[in-house]
Amino acid sequence: FLLDPNAVSSASSFGDVEAEALQSFGVSREIKRYELRLTYDNLKSEEVLRAVLPKGQDVTSGFSRVGHIAHMNLRDHQLPYRNLIGQVIMDKNPGVTCVVNKTNTIDSTYRNFKMEVLAGEDNMVAKVKENGVTYEFDFSRVYWNPRLSTEHERVVNLLKRGDVVLDVFAGVGPFAIPAARRGSTVLANDLNPESHRWLQHNCRLNKVERKVRTFNQDGRAFIQGPLKEELPALLKGTAAIHVVMNLPAMALEFLDAFRGLLDQELPANANLPKVHCYGSPRLTIPKKEVVERASSRLGFSLEGRCSVHLVRNVAPNKEMMCVSFTVPKEVLFSDHTPQPGEPSLPFKPTEEPAAKKQKCDGTTD
């Protein structure tokens, strides 16, 4: 046994329980001293940083792994040591050849952020594998969150062969491509030209380009354009229709695009679409808030007509939620007059939110 000389100096240092355990293994309580040399290679990143950073400085070793890139979110007081921290992270994690630190603000339009290379090569084109699907993209110009793999898988597992998926904020394809591989017909849209380009690339990479139609439009324009054009025929069919809206900071604000989307009402047995819309409320009752916000944008109460799934904790008092519901006919058809007793809420347009500040989760993927 190797023992810490600061804790064990002689045979009498062992307690009764320890002495009995040694005896049961046939180990003598004789103490011998050896010199053990520990080098940089033997130490963990936390141990190295604790040794080299000023006393009292927070030891940060958490990061998100995106292919060969380690993505950190350092606090202001750690920035003077950022290159040292980056080098240690790269040295201690095989396969990491680039360490980056992001700035505080995330662009709410294209969902990307500025970043600084702390150590290694300045190569932002990453290759990742998630749930058996390969993706390639420029991490500095698109949105990718490795902590959403479980949620991507959860939604895709709801699909059956032949279903139709309309992905309003598709990014580089983490919902759209697995859905196509599962046998769904997919319409995938993203406003960011770089995301759209890598979405098309990943469709070809995974050999589903014939099953996915891609669009480079604003989310509202996509709902009121391609989605609206496809919907009448889909409502008359039997294939399930899923609309995915993964833009947590803003997606709920786009739900009003469904109001009066169609001008001709269909029979009572119409095959209505199911929406999976994401939000990140900050209130103490996040499930209640996300339902109220969705109801307000639709102009129709979803109370008792939806389910809410907790995706992940984003920051203190902030959780990412997914509200799923079948779009009511009363919302889709502009000529529908609510009957007495039907729940309905006044529609209150809101300003498009400004860029959000994003905090680090402080965990390693």
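What you see below is based on every heavy atom in this structure, not just the backbone, and it leaves out hydrogens, waters and symmetry mates. Predicted, not measured: the structure shown is a model, and the values here were computed from it. When a residue number appears, it is its place in the shown sequence, counting from 1.
In this structure, CG in Leu298 is found 12.5 Å from CZ in Arg293, a value given to the nearest 0.5 Å. Atom-to-atom distance recorded for Ser280:OG and Arg312:CZ is 8.5 Å, nearest 0.5 angstrom. Separation of atoms CD1 (Ile177) and OG (Ser184) is listed at 13.5 Å; rounding is to 0.5 Å. Taking CE from Met245 and CG from Asp167, the interatomic distance works out to 10.0 Å, rounded to the nearest 0.5 Å. Rounding to the nearest 0.5 angstrom, the gap separating the CG atom in Leu310 from the CE atom in Met320 is 10.0 Å. Remark: Gln87 CD to Leu84 CG distance equals 8.5 Å, nearest 0.5 Å.
Residues Phe254 and Phe169 place their aromatic rings such that the two centres sit under 6.0 Å apart. Under the 6.0 Å cut-off for aromatic ring centres, Phe139 and His71 qualify, their centroids lying closer than that.
Listed here is the closest heavy atom pair of Ser64 and Arg147: OG-NH1, 2.6 Å. Pairing each heavy atom of Trp198 with each of Glu136, the nearest pair is CE3-O, 3.0 Å. Nearest heavy-atom pair across Asn192 and Val142 is ND2-CA, 4.1 Å. The nearest pair of heavy atoms linking Asn246 to Tyr278 is CA-CD1, 3.6 Å. The shortest heavy-atom contact between Ser140 and Met115 is CA-CE, 3.8 Å. Across all non-hydrogen atoms, the minimal contact from Phe14 to Ala19 is CB-N, 4.4 Å.
Look at Glu46 and Arg50 and you find no salt bridge, because none of the NZ, NE, NH1 or NH2 atoms lies under 4.0 Å from a carboxylate O. Taking 4.0 Å as the cut-off between side-chain N and carboxylate O, Arg197 and Glu194 count as a salt-bridged pair.
Judged by distance alone, the side chain of Arg305 and the main-chain N or O of Leu302 form no donor-acceptor pair under 3.5 Å. Looking at Asn42, its side chain does come within 3.5 Å of a backbone N or O of Thr39 through a donor-acceptor pair. The closest donor-acceptor contact from the side chain of Ser296 to the backbone of Glu292 lies at 3.5 Å or more, if one exists at all. Using modelled atom types, one side-chain atom of Lys92 and one backbone atom of Leu43 make a donor-acceptor pair closer than 3.5 Å. At distances below 3.5 Å, at least one donor-acceptor pair connects side-chain atoms of Asn101 with backbone N or O atoms of Leu74. Side-chain atoms of Asn271 come within 3.5 Å of backbone N or O of Ala239 as a donor-acceptor pair. For the pair Arg297 (side chain) and Glu253 (backbone), a donor-acceptor distance under 3.5 Å is present.
Within 6.0 Å of CG on Asp16 lie no more than 12 heavy atoms contributed by other residues, nucleotides or ligands. The 12-atom threshold is exceeded at CD of Glu18, counting heavy atoms of other residues, nucleotides or ligands nearer than 6.0 Å. At most 12 heavy atoms of other shown residues, nucleotides or ligands fall within 6.0 angstrom of atom CD in Glu303.
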With a cut-off of 3.5 Å and sequence neighbours excluded, list every side-chain donor-acceptor pair involving residues 117-134.
from: Glu121; atom 1: OE2; to: Thr97; atom 2: OG1; distance (Å): 2.6
from: Asn123; atom 1: OD1; to: Val125; atom 2: N; distance (Å): 3.2
from: Glu130; atom 1: OE2; to: His152; atom 2: ND1; distance (Å): 2.7
from: Asn131; atom 1: ND2; to: Ser149; atom 2: O; distance (Å): 3.1

Take Leu227 and Phe258 through the test side chain to side chain contact (heavy atoms under 4.5 Å, CB included) and record every step on the way to the result.
CA-CA 10 Å; Leu227 188 152; Phe258 288 98; 4.2 Å; yes
Please assess Val327 against Leu272 for the test side chain to side chain contact (heavy atoms under 4.5 Å, CB included), listing each intermediate value before the final yes or no.
CA-CA 6 Å; Val327 182; Leu272 297 171; 5.6 Å; no
Assess the residue pair His77 and Gln57 against the criterion (side chain to side chain contact (heavy atoms under 4.5 Å, CB included)); give the C-alpha distance rounded to whole Å, side-chain angles, the decisive distance to 0.1 Å, and a yes or no.
CA-CA 8 Å; His77 67 274; Gln57 180 68 246; 2.7 Å; yes
Stepwise, does the side chain to side chain contact (heavy atoms under 4.5 Å, CB included) test hold for Leu247 with Tyr143?
CA-CA 10 Å; Leu247 186 65; Tyr143 177 81; over 6 Å; no
Stepwise side chain to side chain donor-acceptor pair (under 3.5 Å) test for Asp91 and Tyr40:
CA-CA 10 Å; Asp91 290 345; Tyr40 182 73; 2.8 Å; yes
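At a threshold of 4.5 Å between non-hydrogen side-chain atoms, the residues Pro226 and Gln217 count as touching. Contact annotation: the side chain of Pro273 approaches that of Leu231 to within less than 4.5 Å [non-hydrogen atoms, C-beta and beyond]. Two residues are said to be in side-chain contact when any heavy atoms from C-beta on lie closer than 4.5 Å; Val243 and Ile223 fail this criterion. Side-chain atoms of His276 and Leu158, non-hydrogen and from C-beta on, do get closer than 4.5 Å to each other. Contact of the Gln78 side chain with the Met72 side chain is not registered, since no non-hydrogen atoms from C-beta on lie closer than 4.5 Å. Here the side chains of Leu262 and Leu235 are in contact, with some heavy-atom distance below 4.5 Å. Residues His309 and Glu151 have side chains in contact (heavy-atom distance under 4.5 Å, counting atoms from C-beta outward). Counting heavy atoms from C-beta on, the side chains of Leu255 and Cys277 come closer than 4.5 Å.
Under the 4.5 Å side-chain heavy-atom criterion for ILVMFWY residues, a single connected hydrophobic cluster contains both Leu22 and Phe25. Grouping the Ile, Leu, Val, Met, Phe, Trp and Tyr side chains by contacts below 4.5 angstrom, directly or via other members, places Phe175 apart from Leu199. Residues Val172 and Leu205 do not share a hydrophobic cluster, defined by chaining ILVMFWY side chains whose heavy atoms lie under 4.5 Å apart.
Residue pairs meeting the salt bridge (charged side-chain N to carboxylate O under 4.0 Å, His left out) criterion with at least one partner in residues 268-277, sequence neighbours excluded, do not occur; the list is empty.
Side chains of His196 and Thr214: a donor-acceptor N/O pair is present below 3.5 angstrom, by distance only.
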